[in-house]
Amino acid sequence: MKKILLTGSLGQIGSELVLRLREEYGNDNVIATDIRRDENNKACTDGPFELLDVTKGEDMAALVQKHRPDTMIHLAALLSAVCEAKPQLAWAINMGGLVNALELAREYQLQFFTPSSIGAFGPSTPKDLTPQVTIQRPNTMYGVTKVSGELLCDYYFKKFGVDTRGVRFPGLISYVAPPGGGTTDYAVDIYYEALLKGEYTSFIKEGTKMDMMYMPDALNAVIQLMEADPAKLKNRNAFNISGMSFAPEEIAQEIKKHLPSFQMKYDVDPIRQGIADSWPNSIDVQCAKDEWGFRAQYDLAAMTKDMLDKLRIKLNIQG
Ligand code: SER
């Protein structure tokens, strides 16, 4: 990666990945794009930024011609709960945007990264230690777009030789940008409300385990995979990765170690619970370890301490 163009730069991952890439590769070599501009987001102000609607292939092509990147990181997508509410729009953005981006990767021989998700699995997938290669029959529109995206990336690699790489992200937890419309968002919201209100009402019910990861590990994973020796990659696309797996009562228990009076309540959202129930309890990350050295540094305890420390500063909370 020398010159990188990103889509979805103001989203949950992009807001941090753009800054991290600018540290590593130089501000001018990381071109951030998004459908909106936000002068309070450093992705817009600390380096090149362009407006882009990813469903408009000609506009995307014009930016590739203007900036001549060698790498495209395509992040623009709707998350799981929004996809269920707006399935037609989800297909248009998640798949339409991906096809446009892959076509440019083919035409201009760009190295290519796009995230898949634990949402690419479904109710018939083995739930525990879910293998890298297994049954993928998701029953959500988010999952349908993620599996289709994985297959399309594989196809562009095999048919056209595009250097496509990807990971199946679990729920990503960060104190910087909010996720917005995901099923795993409860595990971000809980930290804010624990500090601000001393209690949290979870929309996911007790006992529902899902894979999660702290954002610093997710950013490292993207860079490590993109810099990995292609000869070592047996799986070309969408590696299982995860930092931890927990249920709502387990994260609540960890928060209580720091905030003993914290109270957890439940008011289950049937839509998001249904999505969570269709996803694995915990996935097997061995292929990512073997093929490109993936390793997560944060477990639930380390992440919880860091989230609370960083959010206290962000929210200006003493003690
Ligand atoms: N965090 C995502 C979601 O809940 C999972 O990929 O939609």
Side-chain angles (χ1 to χ4, degrees), residues 8 11-17 73-87 89-91 93-95 97-98 113-123 125 127 130 136 138-150 153 166-192 202-205 208-219 221-222 237-248 251 268-283 285 288 296 298 303 307:
Q12 190 199 12
I13 301 171
S15 296
E16 291 184 64
L17 185 57
I73 296 186
H74 176 61
L75 302 174
L78 300 182
L79 287 181
S80 56
V82 184
C83 288
E84 275 320 280
K86 300 175 184 171
L89 184 67
W91 183 264
I93 292 176
N94 290 18
M95 288 315 294
L98 179 60
F113 175 90
T114 197
S116 184
S117 161
I118 51 171
F121 298 120
T125 301
K127 281 224 172 285
T130 303
Q136 288 182 270
N139 57 1
T140 64
M141 181 47 97
Y142 183 65
V144 169
T145 67
K146 288 299 178 188
V147 174
S148 307
E150 288 187 11
C153 287
V167 294
R168 294 182 184 125
F169 274 133
L172 295 179
I173 295 165
S174 145
Y175 56 90
V176 179
T183 300
T184 54
D185 295 13
Y186 89 88
V188 178
D189 301 343
I190 191 171
Y191 288 109
Y192 282 83
S202 174
F203 57 77
I204 296 294
K205 78 175 176 222
T208 311
K209 274 189 182 283
M210 284 184 277
D211 281 286
M212 305 277 178
M213 179 180 261
Y214 199 31
M215 189 63 86
D217 282 329
L219 304 181
V222 174
N237 182 38
F239 286 88
N240 283 2
I241 60 170
S242 175
M244 62 200 89
S245 161
F246 57 76
I251 186 171
V268 173
D269 167 12
I271 304 277
R272 283 179 287 190
Q273 184 64 43
I275 296 173
D277 287 339
S278 77
W279 290 355
N281 296 330
S282 73
I283 59 178
V285 303
Y298 286 88
M303 177 180 77
M307 274 296 278

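Remember, it's 1-based here, ligands and their atoms both numbered in the order they're listed.
- Ring planes of Tyr214 and Tyr298: perpendicular class, angle over 60° (limits at 30 and 60°).
- A side-chain donor-acceptor contact under 3.5 Å links Ser245 to the backbone of Asn281.
- Of all the heavy atoms in Asp211 and Ile283, the pair that sits closest is OD2-N, 2.9 Å.
- Remark: among candidates Leu78, Thr184, Val82, the nearest residue to atom 2 (C) of ligand 1 is Thr184, based on non-hydrogen atoms.
- Counting only distance, with no hydrogens or angles, the side chain of Gln12 and the backbone of Leu172 share a donor-acceptor pair below 3.5 Å.
- Each of the following atoms of ligand 1 lies closer than 4.0 Å to a heavy atom of Ser80: 3 (C), 4 (O), 7 (O).
- Closest non-hydrogen pair, Met215 versus Ser174, comes out as CB-CB, 3.6 Å.
- Nearest protein heavy-atom neighbour of atom 4 (O) of ligand 1: Thr183 N, 2.6 Å.
- Ligand 1 places these atoms under 4.0 Å from at least one heavy atom of Gly182: 3 (C), 4 (O), 7 (O).
- Neither the backbone nor the side chain of Tyr186 comes within 4.0 Å of ligand 1, counting heavy atoms alone.
- For Ser117, a nitrogen or oxygen atom sits less than 3.5 Å from a nitrogen or oxygen atom of ligand 1, counting backbone and side chain alike.
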